[in-house]
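Worksheet: one structure, shown below.
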Amino acid sequence: MSKYSQSELNQLLWSAADSSRAQVDAAIYKDYALTMLFYKYISDKSKAEYAKYLERFSGDKERAEAKMRGSRFYLPAGSSFDEVYMQKDDDNIGEHLNIALRAIESQNRAKLEGVFSVDFNSEAILGNLDQRNKMIRNLLDDFYAIDLSEEKEDIIGNSYMYLIEQFGSQAGKKAGEFFTRHEVAELVARLARPRVGDRICDPACGSGGLLLLAGAEIEKSGSRDYALYGQESNGSTYQLARMNMFLHGMDSTHLEWGDTLNNPLLLEDDQLMKFDICVANPPFSLDKWGAESAENDKFNRFWRGVPPKSKGDYAFISHIVETLRERIGRMAIVVPHGVLFRGAAEGKIRKQLIDENLIDAVVGLPAGLFQTTGIPVAIVIIDKARAKGGEREGEKDILFIEASKEFKAGKAMNILKQSHTDKIYETFAGRKELEKFSRRVPISEVVENDYNLNITRYVDTFEEEAEIDIKATLAEIDRLTPQIAELDKKMRATLKELGIE
């Protein structure tokens, strides 16, 4: 039995994670707080498992210890959270933490090597001795009070993602480096329509939330028969993704650290690994993405054209399309609207994708959904089953969904409610045509529009103004005229008393 409900654990962990932040930026502090959470989790689980072995072996510590060495995670003597907590008043508590975490990595090299990438003794990041000791002690105190030994993987994993989103809301534009807002990520995962047995990839996986949500779509059927793969260029974010997978019980997930565009690492037999499903929210219009070496790309990913060096959107699209399984693979990717209509090299690539009949749908989302940008964005769905020889080869239209008004206004950002995402998904899944919302457009019409995919070219959203009732308006003016005259009289009297008139 879990000790806490999901909401209780979310709030407890957020309070513990956020209470100690002072001089450290949220985008950096999150690495320390989330590392502390993961450390407490594996310590509590190991302590509970060791207690069970002791009971089973009638208090025989040697046999219990031997059994622990074959456990999911093995914590050597002196490295547990509780043991470090006992030293929290030492001036070198940051050093104690570093030593304990490195010892755990060393004993679990195959799984955990490098996962504790933060330095708890860094003056450059955490401040002087007094500052960093205060932060560390507060973190230790707060997490010590939370018992995670009985929490199931789905509950603790969900809480981890909740914390990432909370930190993301405080990190401003830096938030885009490590997470996609849950409701947007969930919609992308649904639109990709993963199925049992699929191999799923996110080539710009951040902290792994979108990957996990794609897997969760399959788990709705009661199956865990799928495989997750990801690559992330930011080192600390890559380690967050690894911890995220462990906390969700997805130990076999294959993650790589590196630049997908310049050094793709998800390979098989020295060729790009192929996937049934790809989902992604890559950085928008990435500058200096590596265009100078694209023509000589060893995997020939840019044969449709080399995107401009200052905008890497089509570089990510080109990479992903080449990693999809032929006549089977599908992808859903978040892009800025410029991808739909910009010309030159990007227009050439877009034309080729349309001529190949690969673009299945374009979904326009509201503005203000991300910390990183206030502009509206779109989701492009590509399906290789529409290519020559695929089961959908005969479908020669593109579904356009104009969902820019489907949101609830928030204080800082707009919000996609479940009713909004359900409407978008059901329209997509049924390829429905709804007035002023969606339309299936023949490829021939897109060609006539010079391969422009701007959604409002195809979905009429014009709202006629209500007809003015002239008689009623004149009657209202007649009614208000005496009131205006009376107010004018009173105002002039007041001004006269004040000596202004």
From [X] [atom1] over to [Y] [atom2], what is the distance, rounded to the nearest 0.5 angstrom?
X	Y	atom1	atom2	value
L228	C201	CG	SG	9.5 Å
L139	I93	CG	CD1	11.0 Å
L187	H182	CG	NE2	11.5 Å
K30	L163	NZ	CG	12.0 Å
I333	L210	CD1	CG	10.5 Å
L101	I99	CG	CD1	10.0 Å

Query raised in the report: Is it the case that K67 places NZ or CZ above or below the six-membered ring of F57, under 6.0 angstrom from the centre and within 45 degrees of the axis?
Result: no
Requested in this report: May I ask you to establish whether K423 and F437 are in a cation-pi arrangement, using a distance under 6.0 Å from NZ or CZ to the six-membered ring centre and at most 45° from the ring axis?
Outcome: yes
Scan side-chain atoms only and decide if [X] and [Y] contain a donor-acceptor pair under the 3.5 Å cut-off.
X	Y	result
S223	D225	no
Q6	S159	yes
S404	E406	no
S285	D313	yes
S71	E49	yes
S122	D119	no
E256	H254	yes

Query raised in the report: When the ring centroid of Y41 is compared with that of F246, is the distance short of 6.0 Å?
Result: no
Report task. Show your reasoning for whether side-chain hydrogen bond (donor to acceptor under 3.5 Å, both in side chains) applies to S58 and D60. Result -> CA-CA 6 Å; S58 303; D60 189 329; over 6 Å; no
Query - Close side-chain approach of L416 to K408, heavy-atom, < 4.5 Å - result: no
Query raised in the report: Would you say D383 and M331 make side-chain contact, with heavy atoms under 4.5 Å?
Result: no
Query - Over 12 non-hydrogen atoms of neighbours within 6.0 angstrom of CZ in R199 - result: yes
Query raised in the report: For atom CG of D270, is the number of surrounding heavy atoms from other residues, nucleotides or ligands below 6.0 Å larger than 12?
Result: no
Query raised in the report: Please walk me through it: do S236 and Q239 pass side-chain hydrogen bond (donor to acceptor under 3.5 Å, both in side chains)?
Result: CA-CA 5 Å; S236 61; Q239 303 302 354; over 6 Å; no
Looking only at atom types and distance, does a side-chain atom of [X] sit under 3.5 Å from a main-chain N or O of [Y], one as donor and one as acceptor?
X	Y	result
R330	I382	no
D259	N263	no
S438	K432	yes

For [Y], is there an ion pair with [X] - N to carboxylate O distance below 4.0 angstrom?
X	Y	answer
D44	K40	yes
R109	E113	yes
R132	D91	no
D422	R190	yes
K3	E151	no
R195	D276	no
R392	D360	yes
E393	R386	no
E217	K220	yes

Query - Closest approach of L358 to A387 (non-hydrogen atoms, all atoms of both residues) - result: CD2-CB, 3.8 Å
Requested in this report: Please name the pair of heavy atoms, one in S149 and one in A48, separated by the smallest distance, quoted to 0.1 Å.
Outcome: CB-CB, 3.9 Å
Report task. Measure the acute angle between the ring planes of Y144 and Y85, then classify it against the limits of 30° and 60° as parallel, tilted or perpendicular. Result -> parallel
Query raised in the report: What's the verdict on side chain to side chain contact (heavy atoms under 4.5 Å, CB included) for F81 and L75, showing C-alpha distance, side-chain angles and the deciding distance?
Result: CA-CA 10 Å; F81 188 99; L75 275 62; over 6 Å; no
Query raised in the report: Just one of E65, Q107, K111 clears the side chain to side chain donor-acceptor pair (under 3.5 Å) bar with Y74, so which one?
Result: E65
**Report entry** Passing option when W14 is tested against F167, Y160, F143 for ring pair (Phe, Tyr, Trp, His ring centres under 6.0 Å)
**Finding:** F167
